[in-house]
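Here is the structure we will look at, set down as structure tokens.
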Amino acid sequence: MNIQFKKGVLEICVLSVLARKDCYGYELVNEISKRIDISEGTIYPLLHRLKDEGHVTTYLQESAGGAPRKYYRLTESGRKEEHEQKEEWMRFCASVNALLEGKNNAAE
Amino acid sequence: MLQNEQEFVRILQNRLEGTLSPEELNDIISDYTEHFRIGKTEGRSEEDLFRSLGSPEDIAREIRATHLVKKAEDVRSCRNILHAVLATLGLGLFNLVFVLIPFILLVLLLFVIFVVGIAFMVCGPVAGIFALLQLAGIPVFAIWLSPAAGIFFSTGITTFGLLLVIGNYFLARFFYHIGIRYLKWNIGVITGTERLA
């Protein structure tokens, strides 16, 4: 995937994974990096920004094998944000795909 | 250079100490130490984890810029916006053109309007004094026809200068607001993309 696209879509990817389930950092990073080739460390600053903006909260939960892990969870505003950004992304992709495939139905 | 957890944490700490509060710094560091801890239990080496995280210097730069922009948004001051702009500049060469140049031009524009406004505000009353002296029959340099015209001219010039300075203040506030939004967008979308490769 082209590098210019990545950073901009990282946020929607993180929101989207968290919309399905609460994740600890390492788990979230893995979910994303197995599909998109990124520097894994950039996810954490993004999570902190989302936390500052009130879109995610954190809580500690014991893990089976040792120290507690920090889980990230979407807040109500985070869910709204995820929904809006997803809609927007889908519309955008549909338009770009239509253009790339040379369909000429935008004016219809 | 060593590529282990200790080195990663040390670099983040070095670069962020003094900018972030100890609590914020610990919060960030704890994310990375947890990342290393879980990664190691899954059988990955510290070196491997270090490499896939990416450069800790770049990560620190981004955290620092985000933090300083937030601070400039919360507490409006020349100092804070300057720090935010400087921190954002460090994110990539791209920003020399797309942050530094617009910033310098805006600061110049605001400065020029301010100086012109102040100049009018000083000249106005001086012209007023001249007009009064002229009214009292003392000969002075005057470009106007009568003392009354002089008073009118003086009031006009002073008011115009005052309006410029007030307008300049609101213009500065507007640019500040737009600037913060632009810097946030810049950090979130544009800069640092090269290191994602």
Side-chain angles (χ1 to χ4, degrees), chain A residues 1-15 23-72 81 85 88-89 92, chain B residues 5 8-9 11-12 16 20 23-42 44 48-67 69-71 73-74 91-92 94 184-197:
Chain A
M1 192 180 178
N2 208 326
I3 54 167
Q4 295 99 302
F5 296 147
K6 283 182 198 165
K7 193 163 186 184
V9 299
L10 215 49
E11 183 172 324
I12 174 68
C13 293
V14 166
L15 289 172
C23 286
Y24 51 94
Y26 187 86
E27 185 184 16
L28 182 62
V29 167
N30 258 355
E31 285 286 326
I32 291 175
S33 68
K34 75 184 177 200
R35 291 188 194 277
I36 305 174
D37 184 24
I38 47 148
S39 291
E40 300 179 347
T42 50
I43 306 259
Y44 292 106
L46 177 58
L47 282 169
H48 279 265
R49 198 163 69 232
L50 290 172
K51 195 178 167 188
D52 271 342
E53 287 166 5
H55 294 326
V56 303
T57 55
T58 57
Y59 61 93
L60 287 176
Q61 189 169 298
E62 299 292 328
S63 66
R69 289 169 180 178
K70 182 155 84 176
Y71 278 77
Y72 288 88
E81 188 71 20
Q85 287 201 23
E88 211 173 303
W89 174 255
F92 177 70
Chain B
E5 174 177 351
F8 194 94
V9 170
I11 294 172
L12 282 189
L16 295 173
L20 270 58
E23 297 80 44
E24 288 168 310
L25 185 56
N26 280 337
D27 194 31
I28 283 164
I29 301 276
S30 73
D31 269 333
Y32 289 102
T33 50
E34 185 184 296
H35 187 92
F36 273 101
R37 196 181 70 227
I38 299 172
K40 280 187 279 186
T41 63
E42 299 203 344
R44 293 172 69 186
D48 173 31
L49 287 160
F50 187 104
R51 288 225 190 97
S52 23
L53 278 174
S55 144
E57 287 90 353
D58 284 343
I59 291 169
R61 266 192 278 268
E62 178 172 345
I63 293 172
R64 205 167 161 271
T66 309
H67 179 86
V69 170
K70 180 95 176 40
K71 193 171 157 194
E73 184 183 28
D74 293 344
L91 294 180
F94 177 88
K184 281 184 159 183
W185 176 80
N186 183 294
I187 295 171
V189 177
I190 294 292
T191 52
T193 40
E194 59 269 31
R195 73 167 179 274
L196 295 179

CZ of A/Arg35: more than 12 outside heavy atoms within 6.0 angstrom? no
The single option from B/Asp31, B/Ile28, B/Ile59 that satisfies side-chain contact (heavy atoms from CB on, under 4.5 Å) with A/Tyr44 is B/Asp31
Tell me, for B/Glu24 versus chain A, whether the close heavy atoms (under 4.5 Å) come from the side chain, the backbone, both or neither. neither
Could you state the interatomic distance from NZ (A/Lys70) to CG (B/Asp27), rounded to the nearest 0.5 Å? 3.5 Å
What residues of residues 45-54 of chain A sit under 4.5 Å from chain B when you count only heavy atoms? A/Pro45, A/His48, A/Arg49, A/Lys51, A/Asp52
Which value, rounded to the nearest 0.5 Å, describes the distance between B/Arg37 atom CZ and A/Ser63 atom OG? 6.5 Å
Pick one of side chain, backbone, both or neither for B/Ser52, based on which atoms fall under 4.5 Å of a heavy atom in chain A. both
State, with a plain yes or no, whether a side-chain heavy atom of A/Ile43 is found less than 4.5 Å away from one of B/His35. no
With a 4.5 angstrom heavy-atom cut-off, which part of B/Tyr32 approaches chain A: side chain, backbone, both or neither? side chain
